Undergrad: 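Mind having a look at this structure? Questions to follow.
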Amino acid sequence: MAKRWIGMGALLMLLMPALASAQEAPGVEAEVEVEAEAEAEVASEEGNEANATGRAFVGDTALLSEVGRWEVGLFGPLRYGLSEKMELAVHPLLFFVAPNAQLKVSHGTRGGWHLASKHQLTYPTLLFRLMAREGIGGILPADRAVPHILSLQSELLVTREVGAHKVSLGLGVQVAPRVGESQLVSIDLPFVYPRTAAMFGWATGIMSVHMQGPIAGKLGYEADVRAFTYPGVDGAFAVEQGAALRLTTSPGFMAQLGYRLSYAGYPFGTMFNIAPTLELAWGF
Amino acid sequence: MRVVLTQALATALWGCDPFNASFDEVEDAQYYEAQELIATEPPTGELVVMDWNIKFGGARIDFWFDCHGDRVLMEEDEVLENMEGLASKIRQVDPDVLLVQEVDIDSKRVAYVDQVQWILDNTELNYAVFASQWRAHHVPTDGIGRVNMGNAIFSKYPIRDAQRIAMPQISTNDALTNYFYLKRHILTSIVEVPEYGDLHVLNVHTDAFAQDGTKELQIDLFKDELDRIDRAGGVFVAGGDLNTLPPGSVQQNDFVDSVCESEDFQADDFRAEEDALTAYYEDYTPAIPLEDYQADNAPYFTHSTQGGTFWNRKLDYLFTNGTFVPGSGLTHQDAASGGMETMPLSDHAPITVRFALEER
């Protein structure tokens, strides 16, 4: 049963980019693009009217924050709209133990789809070494050598605005080259294992479908499915699904409450988990 | 209000047991069967019963909790090599019933080898029941990670009605520590012995590090369970690692291999527990008669924490309200006492006894 759902999810994620590119067939491309851009503009205006947030809190889409706008989440990253083409982000909570930076680059609009690429660089070695300790809080054994690790993640994002709703697809890869002696031990926990699997193999493939939009008034939603595959690493796959209700009181504040499901492969087999999620974010 | 809603949602979604570390007061044990069942003749008047704390196949690796080393995890090759040593001894004894403590079925420290299934598939034993005493998706201490360790009862003959009966935890630990801490229990079962009938088999592993009377309480609760079966007319063989010394032990503290300085790992001062097992010896028959032990403790020692020493205290027991064949109790300390060196295999020596299948 689970395999069937995973197969359907994977098929859906494979098909949706194909459907998008089908709209860009030669000969009708220019016409479609003009029409789509017009649709997108109308949709965007409708969206703005609907929730009065514009490009606020659109982190997981191909859209960028407005130029000069800052956003910070309780658990999420600190973002800054650097230009019309670039957005910078860092995870402040993790920054001092896992220095990281993320650059989202807009590649314009094509066939009604906003295109962007997201590139993230993380050096998690310090964090792993902090977690490798004796006693309480020892997530990893203290007797294992942690190498220098540089995690590089790139993701291609496309977003289409359908009315006030934003539908996004993502396709990415994470690699994590290591330098020095490595006796690193995996953390066999949901949400963590898929995101650290690249540190034990050669690469992790990431696919995602994401939607967000208004429901009524200031109330909206966010939902996504994210699939990971880590060939050559125990477990080999993970599928996560999340959904949340979002209250956007203004472009300056958003609160979100929801859940996240995980079905993933680990060294010991597969495991299904569910966890509540909470996020508060501010923009200015 | 928002916090309350968040908590309510978290409880609904996650329950009160996000790391799957809790148990009911009484719950069914987990049943196992060998991949290939071995046809077994009905026993001829006796059952060989064996008890062994196998230290999760850790042999004589110096682990962090012994304070002799800092190892936390083993590689799969190490685990399988150590398990082969344990299986060699089990095959040599060829028990009809085997009680095991500290056996892992789903732990990172043993590279996720299911040791209950492995023992079944590498010995003449056909059936097993298992109950966890330490289970969590992730123990965030010392790098332990995922763990599922417990007690098991193996048999050549079918087992039924196996239950895990919870025992109290150390009262001086805070709630969070106890959530991730070992949860001791009594594993009860009935072995269907051909041409004999039901034999109750019970296994226990009481607290090693309790300094608040919890261990004594657990020992009493185990005795209560034996008494209950006895009163109901059942015949039992019961045992395990009781983590205390027999009455009349000459040395009760200052063991040469006790090197832990942490208050949390003080397990080797038994001076306040001298009578903990007196009622067992008074009411039931031990595998090793008390007068034999009191005459000379050393041949019956079953435990030492460090490989370079020799067995220096007795923590492991078998009792019955039936009949053990007189003089059949044996502590397998080495080649001279059991036919094989056992010091390299675990931090406990196995004990065996022959149970007489007398008409009831």
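Below, chain A is the first sequence line, B the second, and so on; all start at residue 1. None of the values given here were measured: they were computed from a predicted structure.
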Undergrad: So for atom CZ, which belongs to A:F284, do other residues, nucleotides or ligands contribute more than 12 heavy atoms lying within a distance under 6.0 Å?
TA: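 Correct, the count exceeds 12.
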Undergrad: Report, as yes or no, whether the 6.0 Å neighbourhood of atom CH2 on A:W282 holds more than 12 heavy atoms from other residues, nucleotides or ligands.
TA: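 Yes, because the 6.0 Å sphere around CH2 of A:W282 holds more than 12 heavy atoms from other groups.
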Undergrad: Could you tell me whether a side-chain N or O of B:D142 sits under 3.5 Å from a main-chain N or O of A:G135, the two making a donor and an acceptor?
TA: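 Here the side-chain-to-backbone pair exists.
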Undergrad: Is it the case that over 12 heavy atoms from other parts of the model lie below 6.0 angstrom from the CD atom of B:E27?
TA: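 Above 12, so yes.
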Undergrad: Test: side-chain hydrogen bond (donor to acceptor under 3.5 Å, both in side chains). Region: residues 123-133 of chain A. Which pairs qualify, not counting sequence neighbours?
TA: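 Qualifying pairs, neighbours excluded: A:Y123-A:H148.
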Undergrad: More than 12 heavy atoms of other residues, nucleotides or ligands under 6.0 Å from CD1 of A:I136: yes or no?
TA: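 Incorrect, the count does not exceed 12.
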Undergrad: Can you say whether B:D70 sits under 4.5 Å from chain A via the side chain, the backbone, both, or neither, judging by heavy atoms?
TA: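 For B:D70, the contact with chain A is made by backbone and side chain together.
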Undergrad: Below 4.5 Å, heavy-atom pairs only: which of A:G269, A:P267, A:A142 has the largest tally toward chain B?
TA: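 The candidate making the most pairs under 4.5 Å is A:P267.
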Undergrad: Taking heavy atoms only and a threshold strictly under 4.5 Å, list by residue number the residues of residues 107-115 of chain B that touch chain A; give 'none' if the list is empty.
TA: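 Interface residues of residues 107-115 of chain B: B:K108, B:Y112.
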Undergrad: For A:M271, which atoms come within 4.5 Å of any heavy atom of chain B: side chain, backbone, both, or neither?
TA: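 Interface part for A:M271: side chain.
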Undergrad: Have a look at A:F268 and tell me which of B:N148, B:D106, B:I105 forms a side-chain contact (heavy atoms from CB on, under 4.5 Å) with it.
TA: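 The option that passes is B:D106.
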Undergrad: Measure distances from B:E76 to the heavy atoms of chain A and classify the residue's part below 4.5 Å as side chain, backbone, both or neither.
TA: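 For B:E76, neither part sits under 4.5 Å from chain A.
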Undergrad: Among residues 185-195 of chain A, which residues come closer than 4.5 Å to chain B, judged by heavy atom distances?
TA: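 Within residues 185-195 of chain A, the residues that come under 4.5 Å of chain B (heavy atoms only) are A:V185, A:S186, A:I187, A:D188, A:L189.
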Undergrad: Does A:A198 have any side chain to side chain contact (heavy atoms under 4.5 Å, CB included) partners at least two apart in sequence or in another chain, and if so, which?
TA: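 With neighbours one apart ignored, the set is A:Q174, A:A176, A:T204.
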Undergrad: Please say whether more than 12 non-hydrogen atoms of neighbouring residues, nucleotides or ligands are located less than 6.0 Å from CD in B:Q163.
TA: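 Count over threshold, so yes.
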